[in-house]
Amino acid sequence: MLVLIVAIVGLYYIARSNEKTGEYGSSTNPATSCWDLKNSDVSSDGYYFIQPATTSVPIQVYCDMTTSGGGWTLVASIHENDINGKCTAGDMWFSNNLVQHSQFSRNWENTNIFGNVKEATSADYKNIGYSSLKASNLMLRHVPNKTPLDKSKSLASLQYHTTNNFLNKHGGNLFTTYSRHYPMNPKTTVYTHAPNIGKLADSIVGIKNLTSAIPDFYNYHWGLLNDRLENGGNRTFTKFGMKISLTFDCTYELQYGKEHRCTSTAITSRKSHPFVAIVGISNANHLKFVFQVQSFRPKDDPVSTYNGKLTEGNFELRYKARCLYGKDVPSICDVGFVVNNTKEWGSSPFTFTESRHIQWVDRFYSHNYKFSLNNYPMQVVFGYIMLSRTWGRLVTKPQIESTLTKIFPTFQNYTWAAPCATSHLAVPVTYTIGKSYLSNFVPPSMHSATTTGFLQIRAEAYDGTYYAMCPAVKLYNCIGHYVCIGGVKNGYNQTYDCSDFPDWEGTERHAGTSNIPDFLTSKNYGHSTKDIESTIMIFYR
């Protein structure tokens with residue numbers, strides 16, 4: 001009889017327990033994660049309740065149970081509600097420790113929670129799973145704003161996930177990845193000049209038969225002055241000769257044969273044939289570079305201009321040339337060129353322009369020729385050579401390109417470590433939606449500065465601050481504001497760069513000004529409206 005009573009009581013409590021528990025994944029019987037549910041034979045996408053092991057209250061989450069094996073838990077979403085609004089209440093993923101922006105509170109690195117799972121594509125969202133779940137991989141999904149979650153996969157423009165279990169080595173989630181391994185604390189960046197610029201110039205001067213394509217090359221006379229090439233001999237120039245000046249982070253009139261350093265440029269030249277000037281530009285001050293050649297020649301000299309490009313691997317050389325000729329005096333040809341390498345050097349995108357005008361100076365005509373590097377050139381080398389021929393013969397484009405082709409390999413052997421190259425984690429990803437869309441997703445002018453097939457954790461900017469994540473790409477330079485998301489401006493008082501998607505519209509903002517189209521060609525640096533008005537969903541598994 002006693003055994004019977006105990007059995008009945010046991011069955012009663014088991015029944016009561018089942019009544020309270022309910023279906024696995026419900027509020028009364030939460031799973032520990034969507035992966036836990038998947039392993040319990042739950043196979044449908046949808047809303048479920050989970051309670052991570054270290055938490056005390058169940059939360060409702062969205063689970064993707066069908067992509068690449070399923071079991072993905074939505075833990076966060078980055079939503080851009082207003083690309084023109086900076087440091088607004090909607091910019092929860094851009095952090096700033098200034099008092100007026102305290103609501104941001106470093107959300108990539110803390111346990112704050114905000115938003116609602118059912119509105120995850122209408123506002124920024126972060127649940128407790130972001131910091132408490134233990135996962136191995138991430139999945140990101142790009143969807144239009146206000147997309148219902150049950151339609152997010154079918155409407156996604158991009159979807160990709162990691163497969164190498166990288167989170168296992170970084171604490172199991174993004175919270176520990178950032179807080180312990182890739183903190184967002186800004187640092188003081190030390191800018192260095194281009195190294196060994198003198199040796200680079202010497203290497204160019206030392207090239208054998210550099211001007212062999214110009215058999216009648218005229219070896220102009222240098223004269224005794226260091227700030228100009230005097231008359232050049234045979235009346236190459238009139239009274240004032242030829243002078244070179246540059247305007248950048250300093251204004252400097254070239255002293256031929258000498259090296260000079262400004263804040264972020266190193267300049268040197270060689271009294272050689274041809275004359276060579278080299279300028280290494282790191283550009284800590286984000287300025288426009290102007291290199292001006294002032295040649296005193298007769299006003300009515302005929303002029304021919306050329307431009308072109310050479311490429312080899314990741315190196316690119318662009319050149320522009322102005323050639324004065326046609327008299328019974330030696331011709332001259334001013335050739336300016338820029339060498340960049342977005343991957344090994346971390347060169348930034350820029351535009352290369354030239355302008356010409358004739359000026360009357362003290363009874364003599366001056367042919368002024370300006371080479372301009374616009375859009376804040378960074379980590380590039382500008383070079384100048386002066387070619388010449390006897391008896392006013394025109395220097396031709398094939399002769400210019402033959403000379404530059406001999407010069408180009410010296411830059412390919414030149415080592416210039418890219419800044420911002422070692423402060424991040426680039427994780428390979430597998431694309432499941434939208435791989436063919438990547439060329440449209442990355443702004444045209446950022447193609448050479450990025451490689452798709454990766455998710456980058458943290459990206460350093462030139463000023464020492466960080467962007468949190470570069471979705472779908474690995475970045476090779478320091479201008480992540482066109483392709484990365486989130487970030488920290490700790491200790492800075494600027495607010496114009498404060499946004500979840502910093503400058504995805506392709507504009508550069510400056511304190512005290514309205515929006516300025518960056519590089520004057522914002523369509524080349526900006527994302528499409530489709531990308532800007534979107535939400536990036538972050539899943540763990």
Side-chain angles (χ1 to χ4, degrees), residues 22-38 40 42-68 70-81 89-94 103-105 107-108 110-135 137-159 161 167 172-175 433 468-469 471 485-486 500-501 533-541:
E23 186 177 357
Y24 199 45
S26 66
S27 60
T28 57
N29 189 16
T32 57
S33 67
C34 296
W35 181 242
D36 176 28
L37 284 167
K38 182 68 179 180
S40 300
V42 176
S43 59
S44 298
D45 297 346
Y47 295 99
Y48 297 91
F49 282 87
I50 68 169
Q51 185 176 332
T54 59
T55 63
S56 57
V57 179
I59 59 169
Q60 189 177 39
V61 297
Y62 184 79
C63 296
D64 181 319
M65 296 301 201
T66 53
T67 299
S68 300
W72 298 99
T73 306
L74 177 65
V75 297
S77 68
I78 297 88
H79 164 272
E80 185 54 73
N81 63 325
D91 292 320
M92 296 301 294
W93 291 103
F94 189 95
Q103 72 267 28
F104 303 121
S105 301
N107 286 323
W108 291 93
N110 62 27
T111 59
N112 287 351
I113 60 174
F114 45 85
N116 183 294
V117 63
K118 294 188 176 181
E119 297 177 354
T121 62
S122 300
D124 288 336
Y125 168 65
K126 179 186 175 190
N127 65 39
I128 194 62
Y130 177 93
S131 57
S132 61
L133 282 175
K134 296 299 180 182
N137 289 291
L138 296 180
M139 178 171 72
L140 271 66
R141 179 181 296 167
H142 299 228
V143 301
N145 285 343
K146 300 183 179 180
T147 296
L149 296 192
D150 60 352
K151 296 182 180 179
S152 62
K153 188 184 303 185
S154 62
L155 296 178
S157 58
L158 275 175
Q159 181 174 275
H161 63 275
L167 286 176
N173 54 52
L174 288 177
F175 164 65
I433 295 175
M469 180 183 289
I485 60 176
D500 288 341
F501 296 175
E533 296 178 357
S534 69
T535 299
I536 299 177
M537 305 166 66
I538 298 178
F539 295 81
Y540 286 173
R541 185 176 70 183

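This structure is a prediction, so every number in the text was calculated from the model and none was measured.
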Q: Mark yes or no for whether W72, through its side chain, and T67, through its backbone, hold a donor-acceptor pair below 3.5 Å.
A: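 Here the side-chain-to-backbone pair exists.
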
Do [X] and [Y] make a side-chain contact, defined as non-hydrogen atoms from C-beta onward lying under 4.5 Å apart?
{"X": "N110", "Y": "K126", "answer": "yes"}
{"X": "D124", "Y": "F94", "answer": "no"}
{"X": "M469", "Y": "L174", "answer": "yes"}
{"X": "V75", "Y": "N127", "answer": "yes"}
{"X": "T73", "Y": "W35", "answer": "no"}
{"X": "I538", "Y": "L138", "answer": "yes"}
{"X": "M65", "Y": "C34", "answer": "yes"}

Q: Please name all residues satisfying salt bridge (charged side-chain N to carboxylate O under 4.0 Å, His left out) with D45, sequence neighbours left out, ordered by chain then number.
A: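 Applying salt bridge (charged side-chain N to carboxylate O under 4.0 Å, His left out) to D45 gives K153.
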
Q. Mind checking what makes ring-ring contact (aromatic ring centres under 6.0 Å, His included) contact with F539, not counting sequence neighbours?
A.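 If we apply the ring-ring contact (aromatic ring centres under 6.0 Å, His included) test to F539, skipping adjacent residues, there are no hits.
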
Q: Using ring-ring contact (aromatic ring centres under 6.0 Å, His included) as the criterion, list what pairs up with Y125, not counting sequence neighbours.
A: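 Here no residue qualifies.
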
Would you please name every residue forming a side-chain contact (heavy atoms from CB on, under 4.5 Å) with [X], sequence neighbours left out?
{"X": "A156", "value": "R141, V143, I433"}
{"X": "K146", "value": "S122"}
{"X": "L155", "value": "P144, T147, K151"}

Q | Counterpart residues, side chain to side chain donor-acceptor pair (under 3.5 Å), relative to N137 (two or more places apart) | A |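 T162, N165.
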
Q. Got a sec, which residues hit side chain to side chain donor-acceptor pair (under 3.5 Å) with T535, two or more places apart in sequence or on another chain?
A.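 With neighbours one apart ignored, the set is N145.
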
Q: Specify whether Y62 and Y47 have parallel, tilted or perpendicular ring planes, treating 30° as the upper limit for parallel and 60° as the lower limit for perpendicular.
A: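 Taking Y47 first and then Y62, their aromatic rings stand perpendicular (interplane angle over 60°).
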
Could you list the donor-acceptor pairs under 3.5 angstrom formed by side chains in residues 48-55, with sequence neighbours left out?
unit_1: Y48; atom_1: OH; unit_2: S44; atom_2: O; d: 2.7
unit_1: Q51; atom_1: NE2; unit_2: T55; atom_2: O; d: 3.1
unit_1: T55; atom_1: OG1; unit_2: P52; atom_2: O; d: 2.8

